[in-house]
Colleague: 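Before anything else, here's the structure in question.
Since we're looking at a predicted model, the values are computed, not measured. Counting starts at 1 for both ligands and their atoms, in listed order.
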Amino acid sequence: MSRIIKMGSYLPQNKLSNLDLIEEFQIDSSDEWIQQRTGIAQRYFADQDEEVSHLAIKAAKDLLDPTDQSITREIKTIIVASMSSKQPTPSVANQVSLALNCEDAFCLDINTACSGFVSALELAEHLSSNQTTGYTLVIGAEKMSQILDANDRSTNILFGDGAGAFLIEHDGIGLLEYQSAMHSDGDLSLSIEVSQATNFLMQMKGREVFNFVSRKVIPSLIDFIQKNAIEMDYLICHQANQRFIDLIAKKLSLDELKLPSNIKEVANLSAASIPVLCHQLVKNKQLKLDGTQTIVLCGFGAGLSWGNITLKI
Ligand code: ACO
């Protein structure tokens, strides 16, 4: 079966504590409010000239051996999930392909905001149904700092920039023990908006989204785990608010070691949140990428959209 064999990530150099952010954006807020309501202590922001594609390329290069071209030559598909890329074409995926010197990869970008990475993995799984050799690169990359509204303190404190990547090796049809359930609810589509009407800056009705996550996303995740009788090593959730992580741990009676979190250090990375956290677990030797561990991924965000995936890695 196909399997995720490598992970990589990239965080920009520019680290901002809550107090740094408050000073830079002149926000009427406090470190205490932000930490208590969200669990966030700091985030990383890309430089002005660092585009989403640069972040995506760095995450991809992080998982590849620069001296060995044998993998890049065999990358058949590149999928990049992002909601913050300001360049419609060429796609971020095409720019990654160019930077890596891939020979003939099918490249595409997708946007389901903070659900982006689980959507990209779902797509990779469907596309791999007739692929028995080669590799697929799945990347989540975001420069959220460029769509934040300096005047909206309820949203601009939440996000950071970064990118994370998975490399899938195709050795048979489909990902190992893959199951998924993807959802959306258009009724709340204007709860999170980046459009001409918002000057292409992020606007979010935070309380509305909070209630949606509590009432829909978390019950759907619990149902997914229980219905499929999943015995998991790790539950890796989109890092939107530490309060969600704590709530899920409580509802599932899960040890916090099984429900890792990095929102304190990197904030909400939207589509990059899940792969960056997964790669951190690889670096900590908690995820072994040897085909023996079961993980559940849960993404949610604008759309409103959400999705749960379980697979063996
Ligand atoms: N500092 C100080 N006070 C603030 C700040 C701030 N940064 N932001 C808001 N407040 C104030 C509000 O004005 C309000 O004051 P009031 O009572 O006088 O009116 C008070 O704090 C409470 O505001 P709430 O919005 O009710 O605060 P809440 O506890 O809901 O926390 C938050 C806000 C953190 C945004 C929370 O609602 C949340 O996490 N929502 C979900 C976000 C999410 O999951 N998004 C999905 C992914 S994002 C994507 O897809 C792009």
Side-chain angles (χ1 to χ4, degrees), residues 16-43 52 81-85 110-120 140-162 182-186 188-195 198 200-218 220-221 237-248 261 263-264 266-274 276-277 297-307:
L16 281 93
S17 68
N18 288 336
L19 289 177
D20 294 334
L21 185 84
I22 286 167
E23 201 181 304
E24 187 164 325
F25 281 71
Q26 295 290 300
I27 305 169
D28 177 15
S29 189
S30 65
D31 177 48
E32 193 192 4
W33 192 97
I34 298 170
Q35 294 224 32
Q36 266 181 9
R37 298 287 178 123
T38 69
I40 297 166
Q42 61 176 45
R43 75 284 293 139
V52 169
S82 183
M83 67 173 289
S84 53
S85 173
I110 63 150
N111 173 6
T112 58
C114 297
S115 305
F117 198 77
V118 287
S119 304
E142 299 282 16
K143 186 177 177 184
M144 300 302 285
S145 58
Q146 69 183 350
I147 57 168
L148 296 180
D149 182 347
N151 298 316
D152 180 4
R153 67 176 181 171
S154 64
T155 306
N156 61 22
I157 51 135
L158 296 174
F159 295 92
D161 300 339
M182 311 303 286
H183 309 275
S184 72
D185 181 350
L188 293 174
S189 57
L190 293 182
S191 304
I192 304 174
E193 191 180 358
V194 182
S195 69
T198 71
F200 293 101
L201 297 174
M202 161 84 78
Q203 258 183 28
M204 178 167 70
K205 297 180 182 124
R207 179 49 56 180
E208 219 167 84
V209 180
F210 194 93
N211 291 338
F212 150 79
V213 177
S214 310
R215 289 176 196 151
K216 270 204 159 153
V217 177
I218 296 178
S220 141
L221 169 67
C237 291
H238 168 51
Q239 304 285 296
N241 193 319
Q242 184 60 40
R243 280 147 70 196
F244 294 143
I245 316 275
D246 296 342
L247 197 60
I248 294 167
S261 148
I263 190 167
K264 185 171 184 189
V266 301
N268 181 341
L269 296 178
S270 184
S273 141
I274 287 176
V276 167
L277 177 54
L297 308 177
C298 169
F300 54 87
L304 295 176
S305 58
W306 70 106

Colleague: Answer whether the closest heavy-atom distance between the side chains of M144 and M202 falls below 4.5 Å.
Modeller: yes
Colleague: Considering only the protein, which heavy-atom contact is closest to atom 35 (C) of ligand 1, and what is its distance?
Modeller: S154 O, 3.7 Å
Colleague: Just jot down the ligand 1 atoms closer than 4.0 angstrom to any heavy atom of G301, in number order.
Modeller: 50 (O)
Colleague: Report the nearest protein non-hydrogen atom to atom 1 (N) of ligand 1: residue, atom name, distance rounded to 0.1 Å.
Modeller: S29 OG, 2.6 Å
Colleague: Quick test: of every protein heavy atom, which one is nearest to atom 47 (C) of ligand 1, and how far off is it to 0.1 Å?
Modeller: C114 SG, 3.4 Å
Colleague: Provide, to 0.1 Å, the distance between atom 46 (C) of ligand 1 and the closest protein heavy atom, together with that atom's residue and name.
Modeller: V209 CG1, 3.6 Å
Colleague: Parallel, tilted or perpendicular, judged at 30° and 60°: which one describes the rings of H183 and W306?
Modeller: parallel
Colleague: Around atom 14 (C) of ligand 1, find the nearest protein heavy atom and jot down its residue, atom name and distance.
Modeller: R153 NH2, 4.9 Å
Colleague: For a 4.5 angstrom cut-off between non-hydrogen side-chain atoms, does M204 reach S154?
Modeller: no
Colleague: Nearest non-hydrogen contact with atom 45 (N) of ligand 1 belongs to which option: M204, E208, Q242?
Modeller: M204
Colleague: Starting from atom 28 (P) of ligand 1, find the nearest protein heavy-atom neighbour and note its residue, name and distance.
Modeller: R207 NH2, 3.3 Å
Colleague: Test your reading of the model: is there a side-chain donor-acceptor pair from R43 to the backbone of D161, 3.5 Å cut-off?
Modeller: no
Colleague: Would you say T38 and ligand 1 have an N/O pair spaced under 3.5 Å apart?
Modeller: no
Colleague: Can you confirm, on distance only, whether ligand 1 has an N/O atom lying under 3.5 Å from any N/O atom belonging to I34?
Modeller: no
Colleague: Under a 4.0 angstrom heavy-atom cut-off, which atoms of ligand 1 come close to N241?
Modeller: 34 (C), 38 (C), 39 (O)
Colleague: N268 side chain to L158 main-chain N or O, any donor-acceptor pair under 3.5 Å?
Modeller: no
Colleague: Quick check on contacts: which atoms of ligand 1 are under 4.0 angstrom from a heavy atom of M83?
Modeller: 51 (C)
Colleague: I'd like to know if A302 contacts ligand 1, where contact means a heavy-atom distance under 4.0 Å to any ligand atom.
Modeller: yes
Colleague: Donor-acceptor check, side chain of N156 to backbone of A150, threshold 3.5 angstrom: yes or no?
Modeller: yes
Colleague: Checking side-chain hydrogen bond (donor to acceptor under 3.5 Å, both in side chains) between S191 and each of R207, K205, E208, which is the one that passes?
Modeller: E208
Colleague: Taking R37's backbone N and O only, do any of them form a donor-acceptor pair with N241's side chain (distance below 3.5 Å, no angle check)?
Modeller: yes
Colleague: Looking only at protein heavy atoms, identify the closest one to atom 24 (P) of ligand 1 and say how far it is in Å.
Modeller: R37 NH1, 4.3 Å
Colleague: Are the side chains of Q146 and V52 in contact, using a 4.5 Å heavy-atom criterion?
Modeller: yes
Colleague: Under 4.0 Å from atom 19 (O) of ligand 1, is there at least one protein heavy atom?
Modeller: no
Colleague: Under 4.0 Å, heavy-atom basis, I'd like to know which part of N268 is in contact with ligand 1: side chain, backbone, both or neither.
Modeller: side chain
Colleague: Above 12 or not: heavy atoms from other molecules or residues under 6.0 Å from CD of Q35?
Modeller: yes
Colleague: Is the backbone of S17 close enough, under 3.5 Å, to the side chain of D20 for a donor and an acceptor to pair up by distance?
Modeller: yes
Colleague: Test S305 against every option in S189, S119, S115 by the side-chain hydrogen bond (donor to acceptor under 3.5 Å, both in side chains) rule and name the one that passes.
Modeller: S115
Colleague: Within the distance-only criterion (no hydrogens, no angle test), does the side chain of E142 pair as donor or acceptor with the backbone N or O of M83 below 3.5 angstrom?
Modeller: yes
Colleague: For ligand 1, which is the ligand I care about here, please tell me if F159 has any N or O atom under 3.5 Å from one of the ligand's N or O atoms.
Modeller: no
Colleague: Determine whether any protein heavy atom is located less than 4.0 Å from atom 37 (O) of ligand 1.
Modeller: yes
Colleague: Check each heavy atom of W33 against ligand 1 and say whether those closer than 4.0 Å belong to the side chain, the backbone, both or neither.
Modeller: side chain
Colleague: Which residue holds the protein heavy atom closest to atom 40 (N) of ligand 1, what is that atom called, and what is the gap in Å?
Modeller: G206 O, 3.0 Å
Colleague: Can you list the ligand 1 atoms lying under 4.0 Å from a non-hydrogen atom of R243?
Modeller: 29 (O), 31 (O)
Colleague: Closer than 4.0 Å to some heavy atom of M202 - which atoms of ligand 1 meet that?
Modeller: 51 (C)
